[in-house]
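Everything on this sheet refers to the single structure shown next.
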2 protein chains.
Amino acid sequence: MAGKVAERRAALRENLVLIAERTIADHGLGALRARDLASEAGCAVGAIYNVFGDLTDLVLTVNARTFHRLGADVAEALADAPQDPVEQLVVMAQAYHRFAAENHQSWRALFDVERAPGEAAPDWYLEEMGRLFTYISDPLAVIFPDRDSQEHALLTRALFSSVHGIVLLGLDEASAGVPSDDIDRMIALVLRQLTASRK
Amino acid sequence: MAGKVAERRAALRENLVLIAERTIADHGLGALRARDLASEAGCAVGAIYNVFGDLTDLVLTVNARTFHRLGADVAEALADAPQDPVEQLVVMAQAYHRFAAENHQSWRALFDVERAPGEAAPDWYLEEMGRLFTYISDPLAVIFPDRDSQEHALLTRALFSSVHGIVLLGLDEASAGVPSDDIDRMIALVLRQLTASRK
DNA sequence: CCTATAACTGAACTACGTTCAACTGAGGGT
DNA sequence: ACCCTCAGTTGAACGTAGTTCAGTTATAGG
């Protein structure tokens with residue numbers, strides 16, 4: 001029987017990712033423990049390190065899946081959105097807010113994982129981020145046909161960052177009690193105002 | 001001699017805060033270790049726990065100081081700013097950016113410290129945050145005299161969150177290589193556009 | 001069936017924050 | 001000047017993490 005080892009290896013890997021995903025989603029990144037993970041997966045702690053370099057690797061794998069789901073949600077919102085490019089931006093941003101709210105712990109894990117200093121962001125991160133940026137810059141190109149691509153890039157990043165900041169601080173417990181509707185209102189306010197042609 | 005104990009206690013407290021402040025500023029929150037701290041302060045590890053409940057308490061004390069310096073920098077920028085309320089907002093936001101860039105690790109520690117779930121944010125945090133929000137809402141009241149205070153509050157929060165998001169993602173290593181000038185450009189772009197009266 | 005090789009095991013190691021029984025010394029009573 | 005008391009101080013020890021690796025087990029190929 002060929003590949004029996006590789007099969008089990010792959011199965012264990014899948015299993016570990018699923019368990020870690022559920023643990024993070026339910027109890028946050030801080031609740032992820034190697035021993036609990038091994039116990040739930042029915043394997044020894046050492047087995048985790050045959051499949052992943054360390055726990056951060058595992059978390060990054062979970063994050064890749066989370067980021068992908070996020071991208072898919074935003075894309076879906078865009079597909080259902082009206083033709084008006086400004087409304088497309090609003091709908092996407094609110095989909096981002098929705099995803100963050102409904103997957104709060106998983107979403108936070110995207111940013112809370114500690115990256116080794118000096119290490120580049122993983123490829124999947126840059127790719128998925130690029131995809132999100134494209135979703136934003138396409139409507140922007142329609143709204144501002146006279147600006148060049150460099151201006152589009154800057155505006156795209158500014159816009160994404162602004163929405164991210166609004167959602168981040170809005171969902172934060174420290175600034176407790178920003179109602180979900182207010183977050184959506186701020187998003188719409190910022191986007192409509194930012195995309196209103198001046199003069 | 002009265003109060004000799006209290007004196008040493010206060011001196012130790014001051015000393016620990018200064019050492020922790022320097023450690024965080026130089027090497028980040030993650031580099032703060034109880035044993036190193038005690039070793040540098042010339043006391044036993046247990047002594048730390050006579051002065052602070054735990055290391056998080058110490059970090060919160062450092063954060064209070066950091067936040068206060070941040071508020072002072074923004075206030076100073078406001079004092080030197082032109083009369084135009086829009087320019088005041090731009091100048092303050094760029095002062096925020098400047099502070100975050102020049103005190104990157106200390107600034108990150110403001111948000112990276114893990115708050116016990118369900119625990120309210122400390123008073124000094126809410127007070128300092130309120131002060132920052134006042135700096136923002138005052139010019140806004142001049143720019144939008146016809147809107148009510150609830151709208152001002154929403155706009156203030158939206159504005160702060162947007163600037164925070166731009167600085168946060170701009171300084172992040174993952175999205176490596178956003179030049180400082182571009183961050184300032186995005187800030188100015190967002191603020192000028194957000195404060196341009198519609199119609 | 002046997003053997004070389006790969007995977008798996010879990011006790012042990014390191015590195016944390018935190019605690020607490022034992023110790024020290026300052027301040028007041030005699 | 002002397003002790004007595006107790007708050008302050010100490011650092012070894014504890015609990016809990018992530019990670020490692022020598023010993024064990026199972027697989028694939030000859």
Side-chain angles (χ1 to χ4, degrees), chain A residues 1-21 23-24 26-63 105 109 112-117 119, chain B residues 1-17 19-24 26-63 105 109 112-117 119:
Chain A
M1 281 194 207
K4 211 174 190 179
V5 179
E7 257 175 50
R8 263 199 304 175
R9 214 181 132 94
L12 175 62
R13 187 187 164 89
E14 184 94 358
N15 204 10
L16 286 172
V17 170
L18 290 176
I19 293 169
E21 197 164 39
T23 302
I24 292 173
D26 290 350
H27 304 104
L29 187 57
L32 197 69
R33 267 168 282 269
R35 283 168 182 77
D36 295 351
L37 205 56
S39 154
E40 276 198 70
C43 71
V45 279
I48 298 170
Y49 294 88
N50 289 329
V51 182
F52 296 98
D54 56 25
L55 282 197
T56 298
D57 273 4
L58 171 54
V59 172
L60 287 176
T61 303
V62 172
N63 278 355
Q105 301 276 37
D112 286 352
V113 62
E114 49 185 315
R115 290 165 291 242
E119 188 159 353
Chain B
M1 283 195 203
K4 207 174 191 179
V5 179
E7 254 175 52
R8 264 198 302 174
R9 216 181 131 96
L12 176 61
R13 187 185 164 89
E14 185 94 359
N15 205 9
L16 286 173
V17 170
I19 294 168
E21 198 163 37
R22 189 163 42 82
T23 304
I24 292 172
D26 290 350
H27 304 104
L29 186 56
L32 196 69
R33 265 166 282 268
R35 283 169 182 77
D36 295 350
L37 205 54
S39 154
E40 274 198 70
C43 71
V45 279
I48 298 171
Y49 294 88
N50 290 331
V51 182
F52 296 99
D54 54 25
L55 281 197
T56 299
D57 274 3
L58 171 55
V59 172
L60 287 177
T61 304
V62 172
N63 278 355
Q105 302 277 33
D112 286 353
V113 61
E114 49 186 311
R115 290 165 292 241
E119 189 159 352

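Naming: A, B, ... by sequence-line order, numbering from 1 per chain. Heavy atoms only: backbone and side chains are in, while hydrogens, waters and symmetry mates are out.
For B:T23, the side-chain contact (heavy atoms from CB on, under 4.5 Å) partners two or more places apart in sequence, or in a different chain, are B:I19, B:A31, B:L32, B:E40.
Atom CG of A:L12 and atom C1' of C:dA6 are 15 Å apart (whole Å). Remark: C1' of D:dG18 and CG of A:L29 are 14 Å apart, rounded to the nearest angstrom. The distance between atom CZ of A:R9 and atom C1' of D:dA28, rounded to the nearest whole Å, is 16 Å. Going from atom CG of B:L58 over to atom P of C:dT18 covers 11 Å, rounded to whole Å. For A:L16 and C:dC8, the CG to P distance is 11 Å, given to the nearest whole Å. Residue B:E114 contributes atom CD, which lies 13 Å from atom P of D:dA17 at whole-angstrom precision. One can place CZ of A:F52 at 16 Å from C1' of D:dT19, the figure rounded to the nearest angstrom. D:dG18 atom C1' lies 12 Å from atom CG of A:L37, rounded to whole Å.
Between B:L12 and B:N50 the shortest side-chain heavy-atom distance does not fall below 4.5 Å. For the pair A:N63/A:I24, no side-chain contact is recorded, criterion being any heavy-atom separation below 4.5 Å from C-beta on. The shortest distance between side-chain heavy atoms of A:L37 and A:L58 falls below 4.5 Å.
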query = Can you give one letter per nucleotide of nucleotides 12-17 of chain C, 5' to 3': B if a protein heavy atom sits under 4.0 Å from the base, S if only from the sugar-phosphate, - if neither?
reply = B---BB
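A:R13 contributes atom CZ, which lies 13.0 Å from atom CD1 of A:I48 (distance to the nearest 0.5 angstrom).
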query = Stepwise, does the side chain to side chain contact (heavy atoms under 4.5 Å, CB included) test hold for B:E14 with B:V17?
reply = CA-CA 5 Å; B:E14 185 94 359; B:V17 170; 5.9 Å; no
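For C:dC8, the OP1/OP2 oxygens have a side-chain nitrogen or oxygen of A:N50 closer than 4.0 Å.
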